[in-house]
Amino acid sequence: KPASDAIITADETGRIIYCNGIVEQILGVPCRDIVGQPLTVLMPERFHAAHRAGFARFLATREPTIMGRPIELVARHRNGTEVPVELTLASWESGGRVFFTGILRDITARKLAEAVLTDKMDELARTNAELGLFTYVVSHDLREPLRTVSGNIQLLERRLGDQLNEDARKQIGFAIGGVQRMQALIEDLLVYSRVGTEGQPFAPVDMDEVLRTVKSNLHAAIAESHGQVTSDELPTVHADRTQMVQLFQNLIANGLKFHRGSAPLVHVTGRGEGDAWLFAVRDLGIGIETQYAEHVFTIFQRLHTDEFPGTGIGLSVCRRIIERHRGRIWVESEPGAGSTFWFTIPRRKA
Ligand code: ADP
(Lines give C-alpha, C1' and ligand atoms only; values in the text may rest on other atoms or scores of the structure.)
Protein backbone atom coordinates (compact mmCIF):
# COMPACT_ATOMS: atom_id res chain seq x y z
CA LYS A 1 0.00 0.00 0.00
CA PRO A 2 1.52 3.37 -0.98
CA ALA A 3 2.21 5.92 1.77
CA SER A 4 -1.13 7.50 2.59
CA ASP A 5 -0.18 9.40 5.71
CA ALA A 6 0.43 13.12 5.62
CA ILE A 7 3.40 14.33 7.63
CA ILE A 8 3.54 17.88 8.94
CA THR A 9 6.20 19.47 11.13
CA ALA A 10 5.81 22.74 13.02
CA ASP A 11 8.14 24.77 15.21
CA GLU A 12 7.59 26.10 18.72
CA THR A 13 5.68 29.11 17.38
CA GLY A 14 3.13 26.74 15.83
CA ARG A 15 4.17 27.56 12.27
CA ILE A 16 4.44 24.83 9.66
CA ILE A 17 8.04 24.27 8.52
CA TYR A 18 7.64 21.03 6.59
CA CYS A 19 5.00 18.83 5.01
CA ASN A 20 4.87 15.95 2.55
CA GLY A 21 2.86 15.56 -0.65
CA ILE A 22 0.03 13.57 0.92
CA VAL A 23 -1.18 16.73 2.66
CA GLU A 24 -2.43 17.96 -0.71
CA GLN A 25 -4.24 14.64 -1.32
CA ILE A 26 -6.05 14.88 1.98
CA LEU A 27 -6.60 18.61 2.44
CA GLY A 28 -6.32 19.98 -1.08
CA VAL A 29 -3.50 22.42 -0.37
CA PRO A 30 0.00 22.07 -1.82
CA CYS A 31 2.79 22.22 0.74
CA ARG A 32 4.29 25.39 -0.63
CA ASP A 33 1.07 27.23 0.23
CA ILE A 34 1.10 26.29 3.90
CA VAL A 35 4.77 26.24 4.88
CA GLY A 36 5.26 29.32 7.05
CA GLN A 37 1.57 29.42 7.97
CA PRO A 38 0.22 28.67 11.48
CA LEU A 39 -1.16 25.16 12.05
CA THR A 40 -4.64 26.68 12.47
CA VAL A 41 -4.95 26.98 8.67
CA LEU A 42 -5.54 23.21 8.69
CA MET A 43 -8.31 23.37 11.29
CA PRO A 44 -11.93 24.46 11.25
CA GLU A 45 -12.41 27.85 12.88
CA ARG A 46 -14.11 26.47 16.00
CA PHE A 47 -11.01 24.58 17.11
CA HIS A 48 -8.55 27.47 16.84
CA ALA A 49 -8.86 28.73 20.42
CA ALA A 50 -8.56 25.24 21.95
CA HIS A 51 -5.55 24.53 19.76
CA ARG A 52 -3.75 27.73 20.82
CA ALA A 53 -4.50 27.04 24.49
CA GLY A 54 -3.28 23.44 24.26
CA PHE A 55 -0.16 24.50 22.40
CA ALA A 56 0.72 27.14 25.00
CA ARG A 57 0.04 24.70 27.83
CA PHE A 58 2.34 22.12 26.35
CA LEU A 59 5.18 24.61 25.94
CA ALA A 60 4.71 25.70 29.56
CA THR A 61 4.28 22.27 31.20
CA ARG A 62 5.65 19.80 28.64
CA GLU A 63 2.86 17.46 29.67
CA PRO A 64 2.18 15.24 26.68
CA THR A 65 -1.61 15.03 27.00
CA ILE A 66 -2.26 14.23 23.35
CA MET A 67 1.19 13.04 22.33
CA GLY A 68 2.07 9.61 21.06
CA ARG A 69 -1.34 8.02 20.70
CA PRO A 70 -3.67 8.48 17.75
CA ILE A 71 -6.53 10.88 18.29
CA GLU A 72 -9.51 11.49 16.04
CA LEU A 73 -10.40 14.99 14.95
CA VAL A 74 -11.52 16.91 11.89
CA ALA A 75 -9.26 18.90 9.59
CA ARG A 76 -10.27 21.62 7.15
CA HIS A 77 -10.08 20.95 3.45
CA ARG A 78 -9.17 23.84 1.19
CA ASN A 79 -12.68 23.74 -0.31
CA GLY A 80 -14.15 24.45 3.13
CA THR A 81 -15.40 20.94 3.92
CA GLU A 82 -14.26 19.00 6.97
CA VAL A 83 -12.22 15.83 6.71
CA PRO A 84 -12.19 13.29 9.56
CA VAL A 85 -8.58 12.47 10.36
CA GLU A 86 -6.52 10.49 12.81
CA LEU A 87 -3.57 12.42 14.17
CA THR A 88 -0.52 11.03 15.90
CA LEU A 89 1.62 13.77 17.36
CA ALA A 90 5.18 13.76 18.66
CA SER A 91 7.39 16.54 19.94
CA TRP A 92 11.15 16.55 19.64
CA GLU A 93 14.03 18.90 20.31
CA SER A 94 16.92 19.96 18.18
CA GLY A 95 19.50 22.65 18.81
CA GLY A 96 17.62 23.79 21.92
CA ARG A 97 14.38 24.28 19.98
CA VAL A 98 11.12 22.34 20.17
CA PHE A 99 9.47 20.87 17.09
CA PHE A 100 6.22 19.01 16.52
CA THR A 101 5.62 16.35 13.94
CA GLY A 102 2.15 15.10 13.22
CA ILE A 103 1.12 12.13 11.14
CA LEU A 104 -2.30 12.66 9.63
CA ARG A 105 -4.45 9.92 8.16
CA ASP A 106 -7.70 10.39 6.28
CA ILE A 107 -10.32 8.22 8.05
CA THR A 108 -13.35 9.24 5.97
CA ALA A 109 -13.92 5.67 4.82
CA ARG A 110 -13.62 4.29 8.34
CA LYS A 111 -16.00 6.92 9.70
CA LEU A 112 -18.53 6.12 6.99
CA ALA A 113 -18.28 2.43 7.76
CA GLU A 114 -18.69 3.17 11.47
CA ALA A 115 -21.75 5.31 10.76
CA VAL A 116 -23.31 2.53 8.68
CA LEU A 117 -22.56 0.05 11.45
CA THR A 118 -24.03 2.32 14.13
CA ASP A 119 -27.16 2.76 12.00
CA LYS A 120 -27.49 -1.00 11.60
CA MET A 121 -26.98 -1.55 15.31
CA ASP A 122 -29.59 1.07 16.17
CA GLU A 123 -31.97 -0.57 13.76
CA LEU A 124 -31.28 -3.99 15.27
CA ALA A 125 -31.77 -2.69 18.79
CA ARG A 126 -35.08 -1.13 17.71
CA THR A 127 -36.26 -4.31 16.01
CA ASN A 128 -35.27 -6.34 19.06
CA ALA A 129 -37.09 -4.00 21.38
CA GLU A 130 -40.18 -4.13 19.16
CA LEU A 131 -40.02 -7.90 19.02
CA GLY A 132 -39.63 -8.09 22.79
CA LEU A 133 -42.63 -5.81 23.24
CA PHE A 134 -44.60 -7.81 20.70
CA THR A 135 -43.87 -11.08 22.49
CA TYR A 136 -44.78 -9.51 25.78
CA VAL A 137 -48.03 -7.94 24.62
CA VAL A 138 -49.21 -10.98 22.71
CA SER A 139 -48.49 -13.41 25.51
CA HIS A 140 -49.86 -11.07 28.12
CA ASP A 141 -53.07 -10.30 26.21
CA LEU A 142 -53.66 -13.93 25.25
CA ARG A 143 -53.90 -15.00 28.86
CA GLU A 144 -57.26 -13.41 29.46
CA PRO A 145 -59.22 -14.91 26.50
CA LEU A 146 -57.61 -18.27 27.19
CA ARG A 147 -58.83 -18.20 30.76
CA THR A 148 -62.30 -17.44 29.43
CA VAL A 149 -62.15 -20.38 27.02
CA SER A 150 -60.98 -22.89 29.62
CA GLY A 151 -63.40 -21.56 32.22
CA ASN A 152 -66.32 -21.91 29.86
CA ILE A 153 -65.41 -25.39 28.71
CA GLN A 154 -65.19 -26.52 32.31
CA LEU A 155 -68.49 -24.84 33.09
CA LEU A 156 -70.07 -26.58 30.12
CA GLU A 157 -68.74 -29.93 31.27
CA ARG A 158 -70.14 -29.42 34.74
CA ARG A 159 -73.54 -28.16 33.51
CA LEU A 160 -74.07 -30.91 31.00
CA GLY A 161 -72.75 -33.54 33.37
CA ASP A 162 -74.65 -36.78 32.73
CA GLN A 163 -75.95 -35.71 29.34
CA LEU A 164 -72.44 -36.07 27.89
CA ASN A 165 -71.54 -39.35 26.25
CA GLU A 166 -68.07 -40.86 26.30
CA ASP A 167 -67.03 -39.24 23.00
CA ALA A 168 -68.08 -35.76 24.01
CA ARG A 169 -66.29 -36.15 27.33
CA LYS A 170 -63.10 -37.15 25.52
CA GLN A 171 -63.34 -34.17 23.22
CA ILE A 172 -63.79 -31.81 26.11
CA GLY A 173 -60.77 -33.41 27.71
CA PHE A 174 -58.72 -32.72 24.57
CA ALA A 175 -59.92 -29.14 24.47
CA ILE A 176 -58.95 -28.57 28.09
CA GLY A 177 -55.59 -30.24 27.50
CA GLY A 178 -54.97 -27.99 24.51
CA VAL A 179 -55.84 -24.87 26.43
CA GLN A 180 -53.61 -25.89 29.32
CA ARG A 181 -50.74 -26.52 26.97
CA MET A 182 -51.27 -23.10 25.40
CA GLN A 183 -51.36 -21.51 28.85
CA ALA A 184 -48.04 -23.15 29.73
CA LEU A 185 -46.52 -21.89 26.46
CA ILE A 186 -47.76 -18.38 27.07
CA GLU A 187 -46.48 -18.31 30.65
CA ASP A 188 -43.05 -19.49 29.44
CA LEU A 189 -43.04 -16.99 26.59
CA LEU A 190 -43.71 -14.25 29.10
CA VAL A 191 -40.79 -15.45 31.20
CA TYR A 192 -38.66 -15.46 28.06
CA SER A 193 -39.59 -11.91 27.07
CA ARG A 194 -39.06 -10.64 30.61
CA VAL A 195 -35.38 -11.69 30.66
CA GLY A 196 -34.63 -8.65 28.52
CA THR A 197 -37.18 -6.21 29.89
CA GLU A 198 -37.32 -6.93 33.60
CA GLY A 199 -33.72 -7.67 34.44
CA GLN A 200 -32.46 -6.33 37.77
CA PRO A 201 -29.09 -4.59 38.22
CA PHE A 202 -26.22 -6.96 39.00
CA ALA A 203 -25.13 -7.42 42.62
CA PRO A 204 -23.20 -10.06 44.59
CA VAL A 205 -25.21 -13.30 44.53
CA ASP A 206 -24.39 -16.26 46.76
CA MET A 207 -24.98 -19.23 44.46
CA ASP A 208 -25.23 -21.61 47.44
CA GLU A 209 -28.20 -19.59 48.63
CA VAL A 210 -29.63 -19.56 45.09
CA LEU A 211 -29.39 -23.35 44.97
CA ARG A 212 -31.20 -23.66 48.31
CA THR A 213 -34.04 -21.52 46.94
CA VAL A 214 -34.21 -23.60 43.77
CA LYS A 215 -34.28 -26.88 45.72
CA SER A 216 -37.14 -25.57 47.79
CA ASN A 217 -38.98 -24.39 44.64
CA LEU A 218 -38.45 -27.82 43.06
CA HIS A 219 -39.40 -29.63 46.25
CA ALA A 220 -42.38 -31.39 44.63
CA ALA A 221 -40.47 -32.47 41.50
CA ILE A 222 -37.61 -33.82 43.61
CA ALA A 223 -39.95 -35.75 45.90
CA GLU A 224 -42.06 -37.14 43.04
CA SER A 225 -39.05 -38.43 41.13
CA HIS A 226 -37.31 -39.69 44.29
CA GLY A 227 -34.40 -37.70 42.92
CA GLN A 228 -31.50 -36.00 44.59
CA VAL A 229 -29.79 -32.68 43.98
CA THR A 230 -26.29 -32.41 45.41
CA SER A 231 -23.60 -29.77 45.12
CA ASP A 232 -20.08 -28.71 46.00
CA GLU A 233 -19.56 -25.36 47.66
CA LEU A 234 -20.58 -22.66 45.19
CA PRO A 235 -19.05 -19.20 44.77
CA THR A 236 -20.59 -15.75 44.98
CA VAL A 237 -20.97 -14.08 41.60
CA HIS A 238 -21.88 -10.64 40.27
CA ALA A 239 -25.29 -11.21 38.71
CA ASP A 240 -29.07 -10.77 38.72
CA ARG A 241 -30.25 -13.02 41.57
CA THR A 242 -33.75 -13.68 40.19
CA GLN A 243 -32.25 -14.76 36.89
CA MET A 244 -29.69 -17.01 38.62
CA VAL A 245 -32.63 -18.75 40.32
CA GLN A 246 -34.38 -19.14 36.95
CA LEU A 247 -31.21 -20.48 35.36
CA PHE A 248 -30.49 -23.12 38.01
CA GLN A 249 -34.15 -23.99 38.24
CA ASN A 250 -34.50 -24.70 34.50
CA LEU A 251 -31.28 -26.72 34.32
CA ILE A 252 -31.95 -28.74 37.47
CA ALA A 253 -35.62 -29.34 36.58
CA ASN A 254 -34.45 -30.70 33.21
CA GLY A 255 -31.89 -32.90 34.96
CA LEU A 256 -34.68 -34.34 37.11
CA LYS A 257 -37.06 -34.72 34.17
CA PHE A 258 -35.02 -36.23 31.34
CA HIS A 259 -34.20 -39.65 32.72
CA ARG A 260 -35.56 -43.16 32.56
CA GLY A 261 -35.48 -45.93 35.14
CA SER A 262 -33.56 -45.24 38.31
CA ALA A 263 -34.04 -42.10 40.43
CA PRO A 264 -32.47 -38.97 38.91
CA LEU A 265 -29.29 -37.52 40.37
CA VAL A 266 -28.25 -33.94 39.66
CA HIS A 267 -24.94 -32.53 40.85
CA VAL A 268 -24.01 -28.83 40.74
CA THR A 269 -20.47 -27.42 40.83
CA GLY A 270 -18.92 -23.98 40.42
CA ARG A 271 -15.35 -22.73 40.47
CA GLY A 272 -13.14 -19.91 39.24
CA GLU A 273 -11.66 -20.45 35.82
CA GLY A 274 -9.58 -17.61 34.36
CA ASP A 275 -11.61 -14.41 34.36
CA ALA A 276 -14.95 -16.17 34.81
CA TRP A 277 -16.86 -18.50 37.13
CA LEU A 278 -17.54 -21.86 35.56
CA PHE A 279 -20.63 -23.78 36.68
CA ALA A 280 -21.78 -27.27 35.77
CA VAL A 281 -25.15 -28.96 36.25
CA ARG A 282 -24.59 -32.64 35.69
CA ASP A 283 -27.18 -35.42 35.44
CA LEU A 284 -27.17 -39.16 34.79
CA GLY A 285 -30.18 -39.02 32.51
CA ILE A 286 -30.97 -39.89 28.91
CA GLY A 287 -28.40 -37.52 27.41
CA ILE A 288 -28.40 -35.54 24.17
CA GLU A 289 -26.93 -36.57 20.83
CA THR A 290 -23.97 -34.37 19.89
CA GLN A 291 -25.66 -33.08 16.75
CA TYR A 292 -28.42 -31.54 18.87
CA ALA A 293 -26.13 -29.92 21.43
CA GLU A 294 -26.65 -26.42 19.94
CA HIS A 295 -30.22 -27.01 18.82
CA VAL A 296 -31.65 -27.51 22.31
CA PHE A 297 -30.93 -23.86 23.23
CA THR A 298 -33.17 -22.61 20.42
CA ILE A 299 -36.66 -21.58 21.44
CA PHE A 300 -39.37 -24.26 20.97
CA GLN A 301 -36.82 -26.97 20.10
CA ARG A 302 -37.52 -30.23 21.89
CA LEU A 303 -36.01 -33.64 21.25
CA HIS A 304 -38.45 -35.86 23.13
CA THR A 305 -41.83 -34.36 22.42
CA ASP A 306 -44.06 -37.27 23.37
CA GLU A 307 -42.26 -38.86 26.25
CA PHE A 308 -41.63 -35.78 28.42
CA PRO A 309 -43.84 -32.74 28.97
CA GLY A 310 -42.48 -29.27 28.24
CA THR A 311 -42.63 -26.17 26.11
CA GLY A 312 -39.10 -26.03 24.68
CA ILE A 313 -38.52 -22.58 26.15
CA GLY A 314 -36.51 -23.37 29.31
CA LEU A 315 -33.06 -23.62 27.73
CA SER A 316 -33.62 -20.57 25.52
CA VAL A 317 -34.43 -18.61 28.68
CA CYS A 318 -31.15 -19.93 30.14
CA ARG A 319 -29.28 -18.77 27.06
CA ARG A 320 -30.84 -15.30 27.17
CA ILE A 321 -29.96 -14.96 30.85
CA ILE A 322 -26.38 -16.00 30.19
CA GLU A 323 -26.12 -13.64 27.22
CA ARG A 324 -27.32 -10.79 29.40
CA HIS A 325 -24.53 -11.69 31.86
CA ARG A 326 -22.01 -11.87 29.01
CA GLY A 327 -21.20 -15.48 29.74
CA ARG A 328 -21.41 -18.69 27.69
CA ILE A 329 -23.60 -21.77 27.99
CA TRP A 330 -23.21 -25.15 26.35
CA VAL A 331 -23.88 -28.83 26.89
CA GLU A 332 -21.68 -31.90 26.84
CA SER A 333 -23.39 -35.22 26.84
CA GLU A 334 -23.13 -38.92 26.29
CA PRO A 335 -26.48 -40.33 25.15
CA GLY A 336 -27.70 -42.85 27.70
CA ALA A 337 -25.13 -41.79 30.31
CA GLY A 338 -26.04 -38.20 31.14
CA SER A 339 -25.53 -34.56 30.32
CA THR A 340 -23.50 -31.72 31.75
CA PHE A 341 -24.75 -28.20 31.16
CA TRP A 342 -21.87 -25.75 31.54
CA PHE A 343 -22.14 -22.00 31.89
CA THR A 344 -19.83 -19.13 32.73
CA ILE A 345 -20.42 -15.83 34.49
CA PRO A 346 -17.62 -13.30 34.00
CA ARG A 347 -15.93 -12.15 37.19
CA ARG A 348 -16.48 -8.53 37.99
CA LYS A 349 -13.68 -6.33 36.66
CA ALA A 350 -11.86 -4.69 39.55
P1 ADP B 1 -38.46 -28.38 27.74
O2 ADP B 1 -37.75 -28.95 28.92
O3 ADP B 1 -39.64 -27.54 28.12
O4 ADP B 1 -38.78 -29.37 26.67
P5 ADP B 1 -35.97 -26.94 27.30
O6 ADP B 1 -35.72 -25.72 26.46
O7 ADP B 1 -35.69 -26.86 28.72
O8 ADP B 1 -37.50 -27.32 27.02
O9 ADP B 1 -35.16 -28.13 26.65
C10 ADP B 1 -35.20 -28.36 25.27
C11 ADP B 1 -34.96 -29.82 24.96
O12 ADP B 1 -33.61 -30.16 25.27
C13 ADP B 1 -35.79 -30.77 25.78
O14 ADP B 1 -37.06 -30.96 25.20
C15 ADP B 1 -34.96 -32.03 25.76
O16 ADP B 1 -35.18 -32.73 24.55
C17 ADP B 1 -33.54 -31.50 25.74
N18 ADP B 1 -32.95 -31.49 27.11
C19 ADP B 1 -32.89 -30.42 27.96
N20 ADP B 1 -32.27 -30.75 29.11
C21 ADP B 1 -31.93 -32.04 29.01
C22 ADP B 1 -31.25 -32.98 29.87
N23 ADP B 1 -30.79 -32.61 31.08
N24 ADP B 1 -31.05 -34.24 29.40
C25 ADP B 1 -31.49 -34.60 28.18
N26 ADP B 1 -32.15 -33.79 27.33
C27 ADP B 1 -32.35 -32.51 27.72
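Start at 1 and go down the list; that is how both ligands and their atoms are numbered. In what follows, every heavy atom counts, from backbone to side chain, and hydrogens, waters and symmetry copies are set aside.
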Asker: How are the rings of W92 and F99 set relative to one another: parallel (under 30°), tilted (30 to 60°) or perpendicular (over 60°)?
Answerer: parallel
Asker: Please work out which of the three classes, parallel, tilted or perpendicular, describes the rings of Y136 and H140, given edges at 30° and 60°.
Answerer: parallel
Asker: Starting from atom 15 (C) of ligand 1, which protein heavy atom do you reach first, and at what distance in Å?
Answerer: F258 CZ, 3.4 Å
Asker: Measure from atom 3 (O) of ligand 1 to every heavy atom in T311, N254, I252, D283 and give the option owning the shortest one.
Answerer: T311
Asker: Any N/O of G310 closer than 3.5 Å to an N/O of ligand 1?
Answerer: no
Asker: Between the side chain of R212 and the main-chain N/O of M207, is any donor-acceptor distance below 3.5 Å?
Answerer: no
Asker: Identify, by atom number and element, the atoms of ligand 1 in contact range of G312, meaning under 4.0 Å from any of its heavy atoms.
Answerer: 1 (P), 3 (O), 4 (O), 6 (O), 8 (O)
Asker: Could you tell me whether D275 and R347 make a salt bridge, using a distance below 4.0 angstrom between a side-chain N and a carboxylate O?
Answerer: no
Asker: Under 4.0 Å, counting heavy atoms only: does I288 come that close to any atom of ligand 1?
Answerer: yes
Asker: Against ligand 1, does Y292 come closer than 4.0 Å with any heavy atom?
Answerer: no
Asker: Please check whether L315 reaches ligand 1 - meaning an N/O of the residue sits under 3.5 Å from an N/O of the ligand, judged on distance alone.
Answerer: yes
Asker: Between T213 and E209, is any side-chain donor less than 3.5 angstrom from a side-chain acceptor?
Answerer: yes
Asker: Do any heavy atoms of H259 fall under 4.0 Å from ligand 1?
Answerer: no
Asker: With backbone taken as N, CA, C and O and side chain as the heavy atoms from C-beta onward, which portion of F297 lies under 4.0 Å from ligand 1: side chain, backbone, both, or neither?
Answerer: neither
Asker: Parallel, tilted or perpendicular: which fits the ring planes of F58 and F100, with parallel below 30° and perpendicular above 60°?
Answerer: perpendicular
Asker: Considering only the protein, which heavy-atom contact is closest to atom 4 (O) of ligand 1, and what is its distance?
Answerer: R302 NE, 3.3 Å
Asker: Of the listed options (Q301, R282, E289), which comes nearest to atom 10 (C) of ligand 1 when hydrogens are ignored and any heavy atom counts?
Answerer: Q301
Asker: Any heavy-atom pair between the side chains of L27 and L104 that's under 4.5 Å?
Answerer: yes
Asker: Within a distance under 4.0 Å of any heavy atom of K257, pick out the atoms of ligand 1 and give their elements.
Answerer: 1 (P), 2 (O), 3 (O)
Asker: Find all atoms of ligand 1 within a distance of less than 4.0 Å from any non-hydrogen atom belonging to V296, and give their numbers and elements.
Answerer: 10 (C), 12 (O), 17 (C)
Asker: Output all residues satisfying salt bridge (Lys or Arg N to Asp or Glu O under 4.0 Å) with R78, sequence neighbours left out; order by chain, then residue number.
Answerer: D33
Asker: Got an N/O contact under 3.5 Å between S316 and ligand 1?
Answerer: no
Asker: When you measure from the side chain of K215 to the backbone of V229, do you find a donor-acceptor pair of N or O atoms at a distance under 3.5 Å?
Answerer: yes
Asker: Looking only at distances, can you tell me whether any N or O atom of L303, backbone or side chain, sits closer than 3.5 Å to an N or O atom of ligand 1?
Answerer: yes
Asker: Any donor and acceptor pair, going by atom type alone, linking the side chain of D5 with main-chain N or O of I22 inside 3.5 Å?
Answerer: no
Asker: Mark up the atoms of ligand 1 that fall under 4.0 Å of a heavy atom belonging to I313, in ascending order.
Answerer: 6 (O), 8 (O)
Asker: Does ligand 1 have any atom that is closer than 4.0 Å to a heavy atom of G287?
Answerer: yes
Asker: Considering non-hydrogen atoms of the protein only, which is the closest contact for atom 16 (O) of ligand 1, and what is the distance?
Answerer: H304 ND1, 2.8 Å
Asker: Apply ring pair (Phe, Tyr, Trp, His ring centres under 6.0 Å) to H238 and list each qualifying residue two or more places apart in sequence or on a separate chain.
Answerer: none
